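Right, one structure below, let's go through it.
Atoms within each ligand, like the ligands themselves, are counted from 1 in listed order. Just so it is clear, the model here is predicted, and its values are computed rather than measured.
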Amino acid sequence: MEQYVIKGGNPLVGEVKIGGAKNAALAILAAAIMTDETVLIENLPDVRDINVLLQAIEGIGAVVERIDRHTVKINGSMISDVNIEYEYIKKIRASYYLLGALLGKYKRAQVALPGGCNIGSRPIDQHIKGFKALGAEVRIEHGSIFTEADQLMGNHIYLDVVTVGATINIMMVAALSKGNTIIENAAKEPHVVDVANFLNSMGANIKGAGTDVIRIKGVEKLHKTEYSIIPDQIEAGTFMFAAAATKGNVLVKNVIPKHLEATTAKLLEIGCDIEEYDDAVRVIGTGKALQHTHVKTLPYPGYPTDMQPQIAVTLGLSQGTSIVTESIFENRFKYVDELARMGGDIKVEGNTAIINGVRKYTGARVSAPDLRAGAALVIAGLSAEGITIVDDIVYIQRGYECFEEKLRGLGAQIERVNSENEIQKFRLKVG
Ligand code: EPZ
């Protein structure tokens, strides 16, 4: 098992380039098999979840050609199987996008039910509600979800909760259903818009993505396209908080600043300076003490749940008492006990964390409970006095490409190691 070993205390300074959005890419890869023509996808992040999904797509007979690290060609004309049982697929939540893609194209699909997740219970009732409304039958048997339809027909669907996954999945099925579909109370996240743009570039007719009413006119079939995925707002935000927590000065490049507004607003509130450019954001955390604030996670354009641990770690170093409320996933405070071992003063009551800022964290051995919490513990380690070891970094690798290389480019002392021996060597090297 690999670890990150970090010698904290260096302000991060320099420039970092952000990759393609993992959560947009997962849906777009699934949607790419909805045509029999070849689709070229660029700006794909080279992270574990993406590679697992690509293997699953290949496993059912699609031709996947990796042009380079961030570009792939997919041809779904040879798909021979609509049953995804690939053993690792259960581990990635986004396997549910294959249900929508296969149901839309072949009118039937069977996918191993995504398993439980570390951030809380993750129902798929809204996906099922949408599939049924479009005319599909859905059954859950033997750990898999089966869905099939004689004919898919557009419908008017009101989502009971704002969900990214169900909005995208219904959009994919509706794109190839007969007639018109209206999704109300749709999610407005940038990746919902990106998937709609991708499907439209394949000939779909989707309007209103990015608002809470999406209108889809079904088409007979989809065709080839070339498409570049949007930048990852969560990767960007993670580096922005790393700059703030280490009192650094970082230019975060290749971003869409509009997608980062909730993060930028909070950084300004706690006393950072922000410079915005067309496709970059500079975060300056030098000079002043950070101040407390309150934050509640909400669907876009609210403050993202995927950025909750990163802001909490930063508020843990800010003057005064901050309150962080998690309203999307109930189990997203697991890193708090780890942070306490580094000197953090955070108390969790229900879905609220009460954070009393401390002057500094001190390095300790901690373990990443999930993807974003893992990244947040790395931020804590970068700002801490002494050496921090983060175990279970496999979670972090699911969603951050070259995380340690990018941090090293900003002056961080961080290495990926896989033995106590290597940890010892690092200790000797950094002194
Ligand atoms: C996506 O998950 C992301 N994952 C998550 O990112 C992200 O945290 C989440 O959206 C919220 O932004 C992917 O895109 C692969 P939801 P998703 O459906 O689609 C409830 C990361 O760190 N709900 O928007 O599964 C659900 O319980 C990951 O990159 C239902 O009740 O999230 C939650 O409270 C972690 N019924 C809320 O809706 C349903 O059928 C939002 O979930 C579906 C969801």
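Each of the following atoms of ligand 1 lies closer than 4.0 Å to a heavy atom of Ile124: 39 (C), 40 (O). Shown in contact with Val161 at under 4.0 Å from a heavy atom are these atoms of ligand 1, numbered in order with element: 23 (N), 30 (C), 31 (O), 38 (O). Close contacts of ligand 1 with His127, meaning ligand atoms under 4.0 Å from a residue heavy atom, involve 40 (O). Of all atoms in ligand 1, listed by their number and element, those nearer than 4.0 Å to a heavy atom of Gly165 are 18 (O), 19 (O). Counting the atoms of ligand 1 from 1 in the order shown, those under 4.0 Å from a heavy atom of Arg93 are 25 (O). Taking a cut-off of under 4.0 Å to the non-hydrogen atoms of Thr305, the atoms of ligand 1 that pass are 8 (O), 11 (C).
Other residues, nucleotides and ligands place more than 12 heavy atoms under 6.0 Å from the CZ atom of Arg282. Within 6.0 Å of NZ in Lys129 there are more than 12 heavy atoms belonging to other residues, nucleotides or ligands.
The option with the heavy atom closest to atom 8 (O) of ligand 1, from among Val164, Asp306, Val162, is Asp306.
Between Asn169 and Tyr97, the closest side-chain pair of non-hydrogen atoms falls below 4.5 Å. Residues Asn23 and Ile234 fail the side-chain proximity criterion, which asks for heavy atoms closer than 4.5 Å. At least one side-chain heavy atom of Leu102 sits less than 4.5 Å from a side-chain heavy atom of Ile33.
Side-chain atoms of Lys107 come within 3.5 Å of backbone N or O of Gly104 as a donor-acceptor pair. A donor-acceptor pair under 3.5 Å links the side-chain atoms of His294 to the main chain of Ile323, judged by distance alone. One N or O on the side chain of Arg408 and one on the backbone of Ile414 form a donor-acceptor pair closer than 3.5 Å. Judged purely by atom type and a 3.5 angstrom limit, Asn155 has no side-chain atom pairing as donor or acceptor with the backbone of Ile157. Using modelled atom types, no side-chain atom of Asp392 and backbone atom of Ser367 make a donor-acceptor pair closer than 3.5 Å. Within the 3.5 Å criterion, the main-chain N or O of Thr325 finds no donor-acceptor partner in the side chain of Thr352.
Of the residues Glu15, Glu401, Glu235, the one that meets the salt bridge (charged side-chain N to carboxylate O under 4.0 Å, His left out) test with Lys406 is Glu235.
Only side-chain heavy atoms of Leu371 come within less than 4.0 Å of ligand 1; its backbone N, CA, C and O stay farther off. Proximity of Phe329 to ligand 1, defined as any heavy-atom pair under 4.0 Å, is confined to the side chain (atoms from C-beta onward). With a heavy-atom cut-off of 4.0 Å, Arg372 touches ligand 1 through its side chain alone. Only the side chain of Arg332 comes within 4.0 Å of ligand 1, judged by heavy-atom distances. Both the backbone and the side chain of Ile328 come within 4.0 Å of ligand 1, judged by heavy-atom distances. When non-hydrogen atoms are compared, ligand 1 lies under 4.0 Å from neither the backbone nor the side chain of Ala166. If you look at Asp125 next to ligand 1, the close heavy atoms, those under 4.0 Å, come from the backbone and the side chain alike.
For an aromatic pair to be called close, the ring centres must be under 6.0 Å apart, and Tyr400 with Tyr395 fails this.
For the pair Tyr96 and ligand 1, a heavy-atom separation below 4.0 Å is found. Remark: distances from the non-hydrogen atoms of Lys22 to ligand 1 include one below 4.0 Å. Taking a 4.0 Å cut-off on heavy atoms, Arg398 fails to register as neighbouring ligand 1.
If you check which protein heavy atom lies closest to atom 15 (C) of ligand 1, you get Asn23 OD1, 3.5 Å. The protein atom (non-hydrogen) at minimum distance from atom 40 (O) of ligand 1 is Gln126 N, 2.8 Å. Among all protein heavy atoms, the one lying closest to atom 39 (C) of ligand 1 is Pro123 O, 3.0 Å. Nearest protein heavy-atom contact of atom 2 (O) of ligand 1 is Arg122 NH2, 3.2 Å.
Inclusion of Thr163 in the set of residues having an N or O under 3.5 Å from an N or O of ligand 1 is warranted.
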